[in-house]
Amino acid sequence: MEKNSEGQVIVVTSGKGGVGKTTTVANVSSALARLGYKVVVMDLDIGLKKLDLVLGLENRVIYDIVQVIEGECTLKQALVKDKRFPHLFMLPAAQTRNKDEITPEQVKQLCKQLQEEFEYVFIDCPAGIEQGFRNAIAAANSAIVVTNPEVSAVRDADRIIGMLESNNFKDIKLVINRLQNDMVEAGDMLSINDLTEHLCIDLLGVVPEDKNVVISTNRGEPIILNEKADASPAFNNIARRITGEEVEFLTFEDPSFWHKLKRSLFPGR
Amino acid sequence: MLDFLEKLFSRDDSSSRQKANDRLRLVLTHDRLGTSEKLMETLKEEIINVIMSHVEVDGKPEVNIIKEGRRSALDISIPLKGR
């Protein structure tokens, strides 16, 4: 994923709810803004909005995306500026409306305007494969699929990847969230390798299970502001990889580590 | 010592991780193709029957789904009896 003269539109999706889409959007976009990029996040989970709360911007929301589309306000008026990261803006979802009140065409139009001003446009996609999903993928040129190392999340991720492929997405990358390395080693959790083998897409990053995420979210602060949290470097690395930088995988997130070790111990196998 | 290491690094067939992988492999294949285990059994039976109605089969015929990346193919291997 590289920087173009026109901003890149990235949809963050998962199929299953609760895997950490909004947390990923909030932290990766904050990290990119901290690196100096102009970033806007668009919450398309109309009727079930969360991004404003996770980012701690809920008290600053005045207008929402549906009001922009219906011409009640301008796009500029609806954008909420994040005071902690001067380059980060959010376009809030509407809470009292429905996902079928906007169309993929309208989302495309909005993204076109945002792309002129921002280097990265992130779309927080609602769970599911219905209208909300179709709206969210309409304008994107690349996709990040977030999953957990659990069978149900992987199955939904696979379905989403299939749908993205049939919508001609060429750039689909995987983020594994909430990995517990000790459980993997004990043979009680799917590993990074297991997931990339099942889903057959490139890995963008691995975020370890981290209690600090709950604490940060309680406070409405991105976890990347907590330098001591395990999840913090993971989200920062994802942001840097999105800019095209080659960032080595952390030891626990190295998909080839165990494989290499196994091979060096048992060369003949 | 080597035995111990081998045990440590080899996949334990009964682990819940292994079980999850086995179940996912099956379910994802059928999800992608819109098929089911039952349909595959029927397909297998019918393919073998068609062949057997024309030529004599020798040994154990096999019909399997093979995967390459996200794509699948039907792999049919039916040994035929020579004269």
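Order of the sequence lines fixes the chain letters, A, B, ..., with proteins taken first and strands second; residue numbering starts at 1 for each chain.
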Short N-O contact, R155(A) and D31(B), less than 4.0 angstrom: yes
Toward chain B, the part of E150(A) with a non-hydrogen atom under 4.5 Å: neither
State the [atom1]-[atom2] distance between [X] and [Y], to the nearest 0.5 angstrom.
{"X": "R159(A)", "Y": "L28(B)", "atom1": "CZ", "atom2": "CG", "value": "12.0 Å"}
{"X": "Q18(B)", "Y": "D188(A)", "atom1": "CD", "atom2": "CG", "value": "12.0 Å"}
{"X": "M189(A)", "Y": "R17(B)", "atom1": "CE", "atom2": "CZ", "value": "11.5 Å"}
{"X": "E197(A)", "Y": "N21(B)", "atom1": "CD", "atom2": "CG", "value": "8.0 Å"}
{"X": "R32(B)", "Y": "I161(A)", "atom1": "CZ", "atom2": "CD1", "value": "8.0 Å"}

Taking atom NZ as the centre, does K67(B) end up with more than 12 heavy-atom neighbours from other residues, nucleotides or ligands that are less than 6.0 angstrom away? yes
Answer whether the closest heavy-atom distance between the side chains of L190(A) and L24(B) falls below 4.5 Å. yes
For the student: nearest non-hydrogen atoms of S15(B) and G187(A), plus distance: CB-O, 3.3 Å
Closest non-hydrogen atom pair between H198(A) and R25(B), with its separation: CE1-N, 3.8 Å
Could you check whether any side-chain N or O of R70(B) sits under 3.5 Å from a backbone N or O of L199(A), counting only pairs where one atom can act as donor and the other as acceptor? yes
